[in-house]
Amino acid sequence: QVQLVESGGGLVQPGGSLRLSCAASGSIFSINSMGWYRQDPGKQRELVAVIPSGGSTDYADAVKGRFTISRDNAKNTVYLQMNSLKPEDTAVYYCYADIVRYRFYLRQDYWGQGTQVTVSS
């Protein structure tokens, strides 16, 4: 079994910061791309940031210059540092990972349970 567990969400005032973490566990041989999506009620899920195993990164235009994605391969963990938060950043944030399992070297996408980020005064 492979699971992704998220943490770090919460309530913060505009201009504040939060750091999200997502740790993968289980029979993992390797992890390719990891990333973050977000979804607000009534809106479609959108890509926030992605980081392949090679280390390059991509960001949504709305978060460039404010958010930073990183990963710790030894811990099978991806992070999202969010600075200068705005009310429009309010959403449920989901992490994902493209994982190769030891069992039959199966490659499959996995998703975290989601963590709520609320930016409000």
Side-chain angles (χ1 to χ4, degrees):
Q1 184 182 17
V2 172
Q3 288 194 120
L4 271 60
V5 179
E6 302 180 30
S7 62
L11 175 64
V12 66
Q13 293 184 337
S17 298
L18 285 173
R19 189 194 190 207
L20 306 183
S21 299
C22 176
S25 62
S27 58
I28 298 171
F29 175 76
S30 64
I31 301 179
N32 301 121
S33 293
M34 306 183 80
W36 295 89
Y37 285 76
R38 67 185 182 186
Q39 187 171 29
D40 216 15
K43 297 179 64 178
Q44 198 168 58
R45 184 174 296 186
E46 63 177 352
L47 177 67
V48 177
V50 61
I51 179 169
S53 60
S56 63
T57 58
D58 284 308
Y59 297 91
D61 288 341
V63 307
K64 286 182 179 178
R66 300 188 297 118
F67 291 10
T68 302
I69 187 171
S70 61
R71 61 191 288 174
D72 185 337
N73 291 331
K75 297 180 178 180
N76 290 332
T77 300
V78 62
Y79 306 94
L80 187 67
Q81 178 67 45
M82 305 184 295
N83 299 326
S84 302
L85 283 162
K86 305 174 181 179
E88 50 262 45
D89 295 318
T90 296
V92 177
Y93 285 70
Y94 299 89
C95 66
Y96 81 89
D98 178 4
I99 292 175
V100 179
R101 296 176 59 187
Y102 278 113
R103 188 176 181 86
F104 310 125
Y105 298 101
L106 177 65
R107 183 174 177 176
Q108 186 175 344
D109 287 342
Y110 293 87
W111 291 85
Q113 81 281 6
T115 184
Q116 177 70 48
V117 172
T118 302
V119 184
S120 176
S121 58

Contacts of F29 that satisfy ring-ring contact (aromatic ring centres under 6.0 Å, His included) - sequence neighbours left out: Y102, Y105

Listed once per pair and sorted, the salt bridge (Lys or Arg N to Asp or Glu O under 4.0 Å) pairs that draw on residues 51-62, sequence neighbours left out: D61-K64

Residue pairs involving residues 39-54 (criterion side chain to side chain donor-acceptor pair (under 3.5 Å); sequence neighbours excluded): R38-E46

With sequence neighbours excluded, residues passing side chain to side chain contact (heavy atoms under 4.5 Å, CB included) with S121: P14

Listed once per pair and sorted, the salt bridge (Lys or Arg N to Asp or Glu O under 4.0 Å) pairs that draw on residues 73-83, sequence neighbours left out: none

Partners meeting ring-ring contact (aromatic ring centres under 6.0 Å, His included) with Y37 (sequence neighbours left out): Y96, W111

M82: hydrophobic cluster co-members (side-chain, 4.5 Å): V2, L4, V12, L18, L20, I28, I31, M34, W36, V48, I51, Y59, V63, F67, I69, V78, L80, L85, Y93, I99, Y110, V117, V119

Pairs touching residues 17-107 that satisfy disulfide bond (SG atoms under 2.5 Å apart), sequence neighbours left out: C22-C95

Residue list, side chain to side chain donor-acceptor pair (under 3.5 Å) with R66, at least two apart or on another chain: D89

Fellow cluster residues of V5, listed by chain then number, with links counted only when side-chain atoms sit under 4.5 Å apart: none

Residue pairs involving residues 103-115 (criterion salt bridge (Lys or Arg N to Asp or Glu O under 4.0 Å); sequence neighbours excluded): D98-R107

Sequence-distant partners of Q3, side chain to side chain donor-acceptor pair (under 3.5 Å), two or more places apart: none

